[in-house]
Amino acid sequence: MNWTRKDLVGLHELSADEINFVLQTADAFKEVGTREIKKVPALRGKTLVNLFIEPSTRTRISFELAALRLSADVVNVTAAASSLTKGETLLDTARNIEALHADILVLRHNSAGAAHFLAPRLRTSIVNAGDGAHEHPTQGLLDLYTIREKKGRIDGLHVAIIGDIRFSRVARSNIFALTKLGARVTLVGPSTLVPREFEQLGVTVSHTIDDVLPSVDVVNLLRIQHERQRKEYFPGLGEYIRLFGLTKRRAELLKPDCLIMHPGPINRGVEIDSAVADGPQSVILDQVTNGLAVRMAVLYLCGGVPR
Ligand code: CP
């Protein structure tokens, strides 16, 4: 297929064919990571700026490594080290980065819609690295890549996404992509964090984890996003762990070949027990490794579109 998008702002707007095309492109880049010299000249001469207004470990490092492996030049900017702290608007900051001839701007921002706002206003490619509670498209893509790699398919699988769905950009990106590729999705958590309104996205909602675990092929655990919550959505962590935590005992309800996923950062002992996170069904670190190939694919595709 012919990739025509200069930006990746969300998976909501991507077709199933486009999602599959990114995953296929990532296959080629995954192989690059196994070579002794893990570098290709695909983006030589291009410049990528990582503008991270929110903290990140995995996504920021992964985008930087992905760009370096594609031979691009990379500059990292954090909120504290930028003129945003002096009152400059996001658009002015981005326009100044464009004036410095950046080809790709990778943006993490605490406001939903930040990447959507910039994309039509700049010639530079905008890649959304997570915007508030809206979308985290490369996380969704790497999650699908990992499922497809381990299970050989997405279509027909039953995936449970468990935890704080209301405030999760990872959940939204996963829901959009998984349903487009034919997976059945069940959202699990307290009714305050998993309201029935989510069923409008073509998924099932459950508030009883033990009913769901025995039938699923994949569980994707989510952290409680305290930084986005302005009030208490459940009585306490002890109550949450008792009702929704993937404890060692609860994990015994899963099929032996069920994948256990988590986008990170993990809160060990809250949404997932340490023994389960490090156990044989966990593919949490495979997700991180696959993120590199997926982000190389996204940068290669969006960075190669003529403006
Ligand atoms: N999964 C994820 O986005 O992790 P970081 O916040 O560390 O980038």
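If you read the sequence from its start, that first residue is 1, and numbering goes on from there. We count ligands from 1, going down the list as the structure has it; atoms in each ligand are counted the same way.
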Is it true that the NZ or CZ of Arg108 lies under 6.0 Å from the centre of Phe52's six-membered ring and within 45 degrees of the ring axis? no

Mind listing the closest non-hydrogen atom pair of His136 and Ser173 along with its distance? N-OG, 2.9 Å

So which atom in Tyr145 and which in Val294 form the shortest heavy-atom distance, rounded to 0.1 Å?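 Result for this residue pair: CB-CG2, 3.8 Å.
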
For His12, is the NE2 atom crowded, meaning more than 12 foreign heavy atoms sit under 6.0 Å from it? no

Within the distance-only criterion (no hydrogens, no angle test), does the side chain of Gln287 pair as donor or acceptor with the backbone N or O of Thr146 below 3.5 angstrom?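 Not at all, since once roles are kept as given, no pair shorter than 3.5 Å links the two residues.
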
In order of chain and number, which residues sit within 4.0 Å of ligand 1 by heavy atom?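 Contacting ligand 1 under 4.0 Å are Ser56, Thr57, Arg58, Thr59, Arg108, His136, Gln139, Pro263, Gly264.
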
side-chain hydrogen bond (donor to acceptor under 3.5 Å, both in side chains) partner of Asp217, chosen from His158, Lys255, Lys151: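 Result for side-chain hydrogen bond (donor to acceptor under 3.5 Å, both in side chains) with Asp217: Lys255.
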
